[in-house]
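Accompanying notes for the structure given below.
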Amino acid sequence: MEFNVKKLASDAGVFFSRAMQFTEEKLGQAEKTELDAHFENLLARADCTKNWTEKILRQTEVLLQPNPSARVEEFLYEKLDRKVPSRVTNGELLAQYMTEAANDFGPGTPYGKTLIKVGETQRRLGAAEREFIRSASINFLTPLRNFLEGDWRTISKERRILQNRRLDLDACKARLKKAKAAEAKAAAEHELRLTQTEFDRQAEVTRLLLEGISSTHVNHLRCLHEFVESQTNYYAQCYQFMLDLQKQLGSSKGEIFSGTFVGNADSASPAAATSPPAVAAATLPAVPTIPVVPTIVGVPNTVAEGVLNPNEVKPPASGTRRARVLYDYEAADSTELALLADEMITVYSLPGMDPDWLIGERGNQKGKVPVTYLELLS
């Protein structure tokens, strides 16, 4: 008990001495040992790294999980060292609803078939999102979090110790100046040598840790490249999934809207020429007026049924239009015409054709072409 009381008294004396020295420094009544410029630069660089790492970590978490309640739940599971339960993504939930709706409406109906196709694509998008979140969490968030909870805590601890050593050193210097008797000066000089040694040792330890920030930057740079690669793969997958879905829906429109005729509408806006096919389809209000072949012997029945034989199709005597191709298009079957961006073709419509498709001719080649890939010229 006596030992503990003495130690407590000693610690209280040291704390009081440090508090007095710190207060006098703030009031300008005591000298302060300054660190060299290189050391100060290392400290500033470390603080900057810590602050920006925290901001990047928090915002990346928001990007991967916009729901704040879900983030809090994941944080609690992590602190309790328990596995975070698997959570259904929004895309997967939408896919589930669409599939259930298709079963209720009838999976054999046009609407039901389309719901199933779109639902399957949403499921694939949700799975891709889940994989992206998992990859980004492992390769990017975890290293940033490890730095803040590991290396930075160690650096902060050693910096606090260095600060205490400096206060002890400056307090010893102040006591040496105030000492009058030779015996008091000798004791103060001995104490100063000890505190100077402890300060120098702690300064070297802290310096080595601060210089390790350069290695942290290199590690975070590698993790950033992996994050960008994961994000690139994710968006590339999403783009491919939507292209596949667009082609599926485009090939089925003839069956769904077999009785629809082409109507009059305003011309496409110039901005549509720079938009991708999916955006162009959304921004174009309607298809411009296209000449319709009044009667083609032997063709109307097959066209109404969604079957087109290009060899049996003949252009009208007058009223065809020229069109410029906006994007490359790969023909899905022998009834379609493959397109190359910026080439010119002749187009016209047939009775009973899907309004989103036209007959295109290029030399001796002809076939169906999607309207969204064309800029109709007057």
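All of these numbers come straight from a predicted model, not from anything done at the bench.
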Once rounded to the nearest 0.5 Å, what's the spacing between atom [atom1] of [X] and atom [atom2] of [Y]?
X      : Y      : atom1 : atom2 : result
Asp328 : Leu340 : CG    : CG    : 5.5 Å
Thr109 : Ile116 : OG1   : CD1   : 8.0 Å
Arg124 : Cys238 : CZ    : SG    : 10.5 Å

Practice prompt. Give the C-alpha distance, both sets of side-chain angles, the deciding distance and a yes or no for salt bridge (charged side-chain N to carboxylate O under 4.0 Å, His left out) between Arg201 and Glu198.
Written response: CA-CA 5 Å; Arg201 184 185 300 112; Glu198 292 178 355; 5.7 Å; no
Regarding [X] and [Y], is there a side-chain donor-to-acceptor distance under 3.5 Å anywhere?
X      : Y      : answer
Thr195 : Asp168 : no
Glu158 : Gln202 : yes
Asn233 : Gln237 : no
Gln248 : Asp244 : no

Spell out, as yes or no, whether a donor-acceptor pair under 3.5 Å connects the side chain of [X] to the backbone of [Y].
X      : Y      : value
Thr142 : Ser137 : yes
Trp357 : Ser349 : no
Arg321 : Leu377 : yes
Glu149 : Asn146 : no

Exercise. Under a 4.5 Å side-chain heavy-atom rule over Ile, Leu, Val, Met, Phe, Trp and Tyr, are Ile213 and Leu224 clustered together?
Worked result: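 Cluster IDs for Ile213 and Leu224 match.
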Heavy-atom closest contact ([X] atom, [Y] atom, distance):
X      : Y      : value
Arg123 : Glu92  : O-CG, 4.1 Å
Phe241 : Ala128 : CE1-CB, 4.2 Å
Val369 : Ile359 : CG2-C, 4.5 Å
Ala331 : Ala338 : CB-N, 3.8 Å
Val88  : Arg130 : CA-NH2, 3.9 Å
Gly119 : Ala95  : O-CB, 2.9 Å

* **Audit row: Gln196, Arg193, side-chain hydrogen bond (donor to acceptor under 3.5 Å, both in side chains) steps and yes/no** => CA-CA 5 Å; Gln196 182 70 55; Arg193 284 193 296 270; over 6 Å; no
Report yes if some heavy atom in the side chain of [X] is under 4.5 Å from a heavy atom in the side chain of [Y]; otherwise report no.
X      : Y      : result
Phe140 : Leu57  : no
Lys366 : Thr346 : no
Thr99  : Leu115 : no
Gln65  : Ile133 : no
Glu211 : Arg207 : yes
Leu337 : Gln365 : yes
Phe147 : Asn219 : no
Leu64  : Leu141 : yes

Take Lys117 and Glu120 through the test salt bridge (charged side-chain N to carboxylate O under 4.0 Å, His left out) and record every step on the way to the result.
CA-CA 5 Å; Lys117 292 178 181 179; Glu120 176 60 21; over 6 Å; no
Any carboxylate oxygen within less than 4.0 angstrom of a Lys/Arg side-chain nitrogen, looking at [X] and [Y]?
X      : Y      : answer
Glu226 : Arg222 : yes
Glu61  : Arg58  : yes
Arg324 : Glu343 : no
Asp356 : Lys368 : no
Asp151 : Lys50  : no

Does Glu100, at its CD atom, have more than 12 non-hydrogen atoms belonging to other residues, nucleotides or ligands within less than 6.0 Å?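 Correct, the count exceeds 12.
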message = How about NE2 on His217, more than 12 heavy atoms from neighbouring residues, nucleotides or ligands closer than 6.0 Å, or not?
response =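 Above 12, so yes.
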May I ask you to decide if the ring planes of Phe132 and Tyr234 are parallel, tilted or perpendicular, using 30° and 60° as cut-offs?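 Parallel.
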